[in-house]
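In what follows, a structure is listed as structure tokens, so that the remarks can point back to it.
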Amino acid sequence: MITPWDELVAAGLIRELVDLAPLTTYKLGGPAHLYSEPETIEHLSGLALAFQRSPIPILVLGRGSNLVVSDQGFPGLVVRLGRPFAGIETTDELVTVGGLASLPQVARSATGAGRRRLEFMIGIPGTAGGGVRQNAGCFGSEIDDVLVDAEVFDLATGTLSTLDRSALDFSYRHSSVEPTQVVVNARFATEEGDPKTGLNQIKEHTRWRKTYQPGGTLNAGSVFKNPPGDSAGRIIDQLGLKGMSVGGASVSEKHANFFVALPGTKATEVYLLVEQVAAKVQEATGIELEPEIQFAGSFRDESGIGD
Ligand code: EPU
């Protein structure tokens, strides 16, 4: 039987078995069963129609900077917005960006244009869409502090809606954006300010990250959310777990809430390290650390390790 997905493959709108590793900062994991880079809302509508006729798991991918894809890949459709969604436009107090816009580029562009408040985004190596979905944050600010509204396309219903900040139900590293929803646009509020002061602030942030975070390695940022009133990195460090490893994945010597991977590391190794560190923290402190990075696909294998 020919599925709506086969039709989209035949029409050249989606591709099969696309390697996801290069699309993530960890550079590991298997392929997407189906992969699409929609360039227009019409393309997204085509995907929604197929989804309604034949639902399959959906993974919306941004920069892949907070993601571990299973070694078996993702058994459904991976949607990554195409280039037309990478725009950044500054008009007076509003900065309007496409879902694919890079947050560090948003920081530089808005700050250079004499707008302040978005400098913190220099520390978030992701897309605007991913940042909204995750309510990403750095240097004491988060997306929630500056977002005015976001345009969201829902692949499950085929509808495009503008959701204002309150409708997104933001909390620490959380929003109400569902797995089938694609953030296609976001508007941020800014204040007028001296570009030079703003760009200096950006330089300062960049220096801080270089000093305290393991840049230049394969990683996906903070592995765990910080528990209320404490820091996952501090807790893991205090238990002496820096350097602990499973295969090619290890707890960074520089920052204990970053798990770095050597080239060739398996996604399962990262998964097991996350599980083992969480178990040690739980055993020693009673604190249940919750992963901040997302795992996509199945992490179940013959040894019975489950996801
Ligand atoms: N610390 C240690 N040992 C370590 C790491 C940290 O003792 O190995 C201590 C630090 O000395 C500091 C405290 O833990 O006193 C907090 O560490 P840090 O300032 O590095 O911040 P964090 O809580 O680990 C958070 C965000 C980061 C963000 C930084 C800077 C979370 C989970 N992480 O990290 O976000 O870059 O603040 O604002 O909220 C991310 O989300 O991926 C991410 C990197």
Side-chain angles (χ1 to χ4, degrees), residues 24-28 61-69 102-108 111 117-147 170-175 177 201-245 249-261 270-271 273-274 276-278 280-282 284-285 287-296:
T24 70
T25 53
Y26 257 134
K27 309 274 177 242
L28 50 78
L61 186 67
R63 163 109 208 274
S65 53
N66 201 41
L67 182 69
V68 182
V69 176
S102 135
L103 289 173
Q105 272 176 30
V106 174
R108 281 187 211 289
T111 309
R117 292 186 74 198
L118 306 189
E119 294 92 326
F120 73 96
M121 293 179 179
I122 198 72
I124 309 173
T127 60
V132 170
R133 161 127 206 257
Q134 181 87 10
N135 187 20
C138 209
F139 310 120
S141 297
E142 51 190 17
I143 294 291
D144 180 20
D145 298 326
V146 289
L147 189 84
F170 285 125
S171 56
Y172 172 61
R173 295 295 190 271
H174 166 88
S175 81
V177 176
Q201 169 90 76
I202 283 183
K203 260 194 207 144
E204 198 44 53
H205 284 337
T206 307
R207 249 198 303 270
W208 187 91
R209 283 186 80 225
K210 269 204 184 123
T211 310
Y212 294 107
Q213 297 181 352
T217 63
L218 302 178
N219 70 76
S222 296
V223 170
F224 296 105
K225 295 181 186 179
N226 283 336
D230 207 340
S231 155
R234 194 198 62 77
I235 298 166
I236 298 166
D237 188 4
Q238 213 165 47
L239 293 178
L241 300 179
K242 278 184 170 171
M244 175 177 166
S245 66
S250 62
V251 177
S252 164
E253 296 284 355
K254 202 162 189 183
H255 193 301
N257 198 22
F258 282 63
F259 294 3
V260 297
V270 177
Y271 180 85
L273 184 63
V274 171
Q276 289 175 16
V277 168
K280 282 192 186 287
V281 168
Q282 155 95 59
T285 67
I287 296 169
E288 271 187 50
L289 290 180
E290 192 191 327
E292 200 234 279
I293 51 175
Q294 310 212 341
F295 291 92

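Treat the numbers as computed from the prediction; the structure is a model and nothing was measured. Counting starts at 1 for both ligands and their atoms, following the listed order. The first residue of the sequence shown is numbered 1, and numbering continues consecutively from there.
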Practice task
Report yes if some heavy atom in the side chain of Arg209 is under 4.5 Å from a heavy atom in the side chain of Pro125; otherwise report no.
Solution key: yes
Practice task
Using a 4.0 Å heavy-atom threshold (strictly under), name the region of Phe258 that reaches ligand 1: side chain, backbone, both or neither.
Solution key: side chain
Completion exercise
min-distance protein heavy atom vs atom 25 (C) of ligand 1 -> Asn226 ND2, 4.2 Å
Handout entry: For Cys138, atoms of ligand 1 separated by under 4.0 Å from a heavy atom
Key = 28 (C), 36 (O), 38 (O)
Handout entry: Geometric class of the His205/Phe139 ring pair [parallel <30°, tilted 30-60°, perpendicular >60°]
Key = parallel
Exercise for the section: Only counting residues at least two apart or in another chain, list the ones meeting side chain to side chain donor-acceptor pair (under 3.5 Å) with Asn226. Expected result: none
Handout entry: Heavy atom of Gln238, distance to ligand 1 below 4.0 Å
Key = no
Exercise for the section: Return yes if some donor-acceptor pair links the side-chain N/O of Arg117 with the main-chain N/O of Asp145 below 3.5 Å, else return no. Expected result: yes
Exercise for the section: Kindly say whether Gly137 contributes a backbone atom to a donor-acceptor pair with the side chain of Arg173 at under 3.5 angstrom? Expected result: yes
Handout entry: Any donor-acceptor pair under 3.5 Å from Asn219 side chain to Thr217 backbone
Key = yes
Problem - Nearest non-hydrogen protein atom, atom 21 (O) of ligand 1 - result: His255 NE2, 4.2 Å
Fill in the blank from the handout: CZ (Phe120) and CD (Gln201) are apart, to the nearest 0.5 Å, by 11.5 Å
Problem - Spatial distance of atom CD (Gln134) from atom OG (Ser175) [nearest 0.5 Å] - result: 8.5 Å
Practice task
Looking only at distances, please establish whether an N/O atom of ligand 1 is found under 3.5 Å from an N/O atom of Asn257.
Solution key: no
Handout entry: Numbered atoms of ligand 1 (with element) below 4.0 Å of Trp208, judged on heavy atoms
Key = 19 (O), 20 (O), 30 (C)
Practice task
Can you measure from OG1 (Thr206) to CZ (Arg108) and round to the nearest 0.5 angstrom?
Solution key: 6.0 Å
Practice task
Write out the residue and atom name of the closest protein heavy atom to atom 44 (C) of ligand 1, then the distance separating them to 0.1 Å.
Solution key: Ser222 OG, 3.2 Å
Handout entry: Contact bool for atom 7 (O) of ligand 1 (protein heavy atom, d < 4.0 Å)
Key = yes
Handout entry: Derivation of the side chain to side chain contact (heavy atoms under 4.5 Å, CB included) call for Phe224 and Val274
Key = CA-CA 9 Å; Phe224 296 105; Val274 171; 3.8 Å; yes
Problem - Per-residue contact class, Ser231 against ligand 1 - non-hydrogen pairs under 4.0 Å - result: side chain
Exercise for the section: Report yes or no: does a heavy atom of Arg209 sit under 4.0 Å from some atom of ligand 1? Expected result: no
Practice task
May I ask whether Phe120 has any heavy atom positioned less than 4.0 angstrom from an atom of ligand 1?
Solution key: no
Exercise for the section: Please confirm whether the backbone N or O of Ala232 pairs with a side-chain atom of Asn257, one donor and one acceptor, at under 3.5 Å? Expected result: no
Exercise for the section: Please check if a non-hydrogen protein atom sits closer than 4.0 Å to atom 37 (O) of ligand 1. Expected result: no
Handout entry: N or O contact, Tyr172 vs ligand 1, cut-off under 3.5 Å
Key = yes
Problem - Residue-ligand contact Gly123/ligand 1, heavy atom below 4.0 Å - result: no
Handout entry: atom 12 (C) of ligand 1: any protein heavy atom closer than 4.0 Å
Key = no
Practice task
Starting from atom 26 (C) of ligand 1, locate the nearest protein heavy atom and write down its residue, its atom name and how far away it is, to 0.1 Å.
Solution key: Arg173 NH2, 3.6 Å
Problem - Close side-chain approach of Phe259 to Ile293, heavy-atom, < 4.5 Å - result: no
Fill in the blank from the handout: Under 4.0 Å from one or more heavy atoms of Lys242, ligand 1 contributes atoms 8 (O)
Problem - Identity and separation of the nearest protein heavy atom to atom 29 (C) of ligand 1 - result: Gln213 NE2, 4.0 Å
Exercise for the section: Kindly confirm or rule out an N or O of Asp237 lying under 3.5 angstrom from an N or O of ligand 1. Expected result: yes
Exercise for the section: Using a 4.0 Å heavy-atom threshold (strictly under), name the region of Glu292 that reaches ligand 1: side chain, backbone, both or neither. Expected result: side chain
Handout entry: Nearest non-hydrogen protein atom, atom 9 (C) of ligand 1
Key = Arg234 CB, 3.9 Å
Handout entry: Backbone or side-chain N or O of Ala256 under 3.5 Å from ligand 1 N or O
Key = yes
Handout entry: Whether Gln105 side chain and Leu103 backbone form a donor-acceptor pair below 3.5 Å
Key = no
Handout entry: Atom indices of ligand 1 within 4.0 angstrom of Phe224 heavy atoms, with elements
Key = 32 (C)
Completion exercise
The atoms of ligand 1 lying under 4.0 Å from a heavy atom of Phe139, numbered in the order shown, are 30 (C), 38 (O)
Handout entry: Under 3.5 Å: N/O of Lys225 near N/O of ligand 1
Key = no
Practice task
Check whether any heavy atom of Tyr212 sits under 4.0 Å from an atom of ligand 1.
Solution key: no
Problem - Those residues that, when tested against Glu290, pass side chain to side chain donor-acceptor pair (under 3.5 Å) (two or more places apart) - result: Lys225
Exercise for the section: For atom 15 (O) of ligand 1, decide whether some protein heavy-atom distance is shorter than 4.0 Å. Expected result: no
Exercise for the section: Let me see the working for Ile236 and Val223 under side chain to side chain contact (heavy atoms under 4.5 Å, CB included), right down to the final yes or no. Expected result: CA-CA 11 Å; Ile236 298 166; Val223 170; over 6 Å; no
